[in-house]
*Asks:* 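The structure that follows is given in the form of structure tokens.
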Amino acid sequence: RLPFKASSHEEISNELSEKLQRQLDLIGEALDASRDGFAIWKAVRSETNEIIDFTLVFMNKAGSDATGRTPAQLIGMTLKEAVGEEASGGLQSLFTRVLNQGETIKEIVPVHSPAGWSGDYENTAVPLSNDQVLATYRDVSDERREHGRLVWLTEHDYLTGMPNRAKLQEELRRTVDEASVEDFLLAFVFIDIDHFKTVNDLHGHDVGDALLVNFIKRIRNSLPEESLVARIAGDEFAIVLRDLKNQDQLVDLMNEVFNAMKRPFSHDELELEITCSAGCVLTDGSELPDEVMRVADKSMYRAKHEGRNRFLVETRIRSI
């Protein structure tokens, strides 16, 4: 005779079910405490076994907060119903790839839904059994904006908002490479303000800064929209012009720039008349970017030595 009473299969099954439910409740509480969204989506397939949508099986509180609804109110909705047909496209594509490839995929998906989710969401989607996908997600819009701002600051001049030397060198290298392959002419120009130090000494740095901002605006407005205008340092600027036909076109564009500088610069009640000097290189991409910059710099200082208020052009083309 056994010293203890054997449990029935039903009792064991009930104990396991209760234990499993307690574990699921604990997992649910942990997920609800998370600041990230968690959701499980089940594929909806057509008669031809094609995935046409996903149905929400589970979502934690953080996942639903943006909608103003509870997870219980969202569970059972299709992806199109939950986020809107237009906004669901990127998520449906991601979840479908996860199931088809059978592997975890992390991807940032822009979602702008009238349901409340609006922003750039970093999704980590994991394939589960039974045609389901576990998705963890969080809004990274602020992080992406801050990252974009920091990238912008590393590539642009804080005063004028124009590209800085690092960005200029990157763009010049790219344009030179393209010119050598696509067979077009480009021009690189160094230009600065004559006697700029005198402006700062006589009128102060506020006036000098205002002059720099307006000087580059006039350059920008005198050239085709696709031209690159950068501030290198102090009163030194650079220009990259692409898709030029010949030297005459470059001369015409530089005359536009120099004519724009003939009007006095106004700041408060002060009017300043300034001149500038520039060195230009016309090339077909046969010269290395560093050599192009060196020649332009040398030409600019030669223009200053010859009396300022002028630009000089050097041509570096294989066929000439």
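Note that the coordinates shown come from a computational prediction; the quantities given were computed from them, not determined experimentally.
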*Asks:* So that I can tick it off, tell me whether K80 and E85 are bridged by a salt bridge, with the cut-off set at under 4.0 angstrom between side-chain N and carboxylate O.
*Replies:*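 K80 and E85: not salt-bridged.
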*Asks:* Looking only at the aromatic ring of each residue, does the gap between the centers of F38 and F58 stay below 6.0 angstrom?
*Replies:* no
*Asks:* Is it the case that R220 places NZ or CZ above or below the six-membered ring of F215, under 6.0 angstrom from the centre and within 45 degrees of the axis?
*Replies:* no
*Asks:* Is there a side-chain contact between V44 and L79 in this structure, where contact means two heavy atoms from C-beta onward sitting under 4.5 Å apart?
*Replies:* no
*Asks:* Just by distance, do the side chain of E306 and the backbone of A303 share a donor-acceptor pair under 3.5 Å?
*Replies:* no
*Asks:* Inspect the contact between D201 and K197 and indicate whether a charged nitrogen and a carboxylate oxygen are less than 4.0 angstrom apart.
*Replies:* yes
*Asks:* Do K61 and D65 meet the salt-bridge criterion of a basic N to acidic O distance under 4.0 Å?
*Replies:* yes
*Asks:* Taking C-beta and beyond as the side chain, do T136 and N123 meet within less than 4.5 Å on heavy atoms?
*Replies:*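 No, their side chains stay 4.5 Å or more apart.
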*Asks:* Can you find a pair of side-chain heavy atoms, one from W41 and one from Q132, that are under 4.5 Å apart?
*Replies:* no
*Asks:* Under a plain distance cut-off of 3.5 Å, with no hydrogens placed, do K262 and N259 share a side-chain donor-acceptor pair?
*Replies:*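 Judged by distance alone, the side chains do pair up.
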*Asks:* With no hydrogens and no angle check, just 3.5 Å: does a side-chain donor-acceptor pair link T275 and D194?
*Replies:*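 Checked: T275/D194 side chains pair up, N/O donor to acceptor below 3.5 Å.
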*Asks:* D157: which residues meet the salt bridge (Lys or Arg N to Asp or Glu O under 4.0 Å) condition with it, sequence neighbours left out?
*Replies:*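 Partners of D157 under the salt bridge (Lys or Arg N to Asp or Glu O under 4.0 Å) test: R231.
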*Asks:* Ring-plane angle category for H156 and W152, please: parallel below 30°, perpendicular beyond 60°, tilted otherwise.
*Replies:* parallel
*Asks:* Considering all heavy atoms of both residues, which atom of A278 and which atom of M254 are nearest to each other, and what is their separation?
*Replies:* CB-CE, 3.9 Å
*Asks:* Could you point out which residue of E226, E171, E178 forms a salt bridge (charged side-chain N to carboxylate O under 4.0 Å, His left out) with R242?
*Replies:* E178
*Asks:* Under 4.0 Å between a side-chain nitrogen and a carboxylate oxygen: does that hold for R45 and D53?
*Replies:*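 Judged by the 4.0 Å cut-off on N to carboxylate O distance, R45 and D53 do not form a salt bridge.
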*Asks:* Just wondering, do V189 and F237 contact through their side chains at under 4.5 Å, heavy atoms?
*Replies:* no
*Asks:* Can you name the closest pair of heavy atoms from P264 and E271 and give their distance?
*Replies:* CB-OE1, 4.0 Å
*Asks:* State whether the side chain of K42 and the backbone N or O of L56 hold a donor-acceptor pair below 3.5 Å, judged by distance alone.
*Replies:* no
*Asks:* Under 4.0 Å between a side-chain nitrogen and a carboxylate oxygen: does that hold for E291 and R316?
*Replies:* yes
*Asks:* What distance do Q169 atom CD and N164 atom CG have between them, rounded to the nearest 0.5 Å?
*Replies:*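 Between Q169 CD and N164 CG, I get 9.0 Å after rounding to 0.5 Å.
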*Asks:* Is any side-chain heavy atom of L250 less than 4.5 Å from a side-chain heavy atom of C280?
*Replies:* yes
*Asks:* Can you tell if the side chain of F190 reaches within under 4.5 Å of the side chain of I239, non-hydrogen atoms only?
*Replies:*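 They are not in side-chain contact.
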*Asks:* Please check this pair: side chain of N200 against backbone of H203, looking for a donor-acceptor N/O pair closer than 3.5 Å.
*Replies:*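 Looks like no, no N/O pair under 3.5 Å.
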*Asks:* Donor-acceptor pairs under 3.5 Å, side chain of residues 95-104 to any protein atom, not counting sequence neighbours: which ones?
*Replies:*
residue	atom	partner	partner atom	Å
T96	OG1	Q92	O	2.7
R97	NE	S93	O	3.4
R97	NH1	E107	OE1	3.2
R97	NH2	E107	OE1	2.9
R97	NH2	E107	OE2	3.0
N100	ND2	T96	O	3.4

*Asks:* Does D284 use its side chain to pair, donor to acceptor, with the backbone of S286 at less than 3.5 Å?
*Replies:* yes
*Asks:* Nearest heavy-atom pair of T70 and S64: which atoms, and what distance?
*Replies:* C-OG, 3.9 Å
*Asks:* Would you say the side chain of S277 lies within less than 4.5 Å of the side chain of F311, judging by non-hydrogen atoms?
*Replies:* no
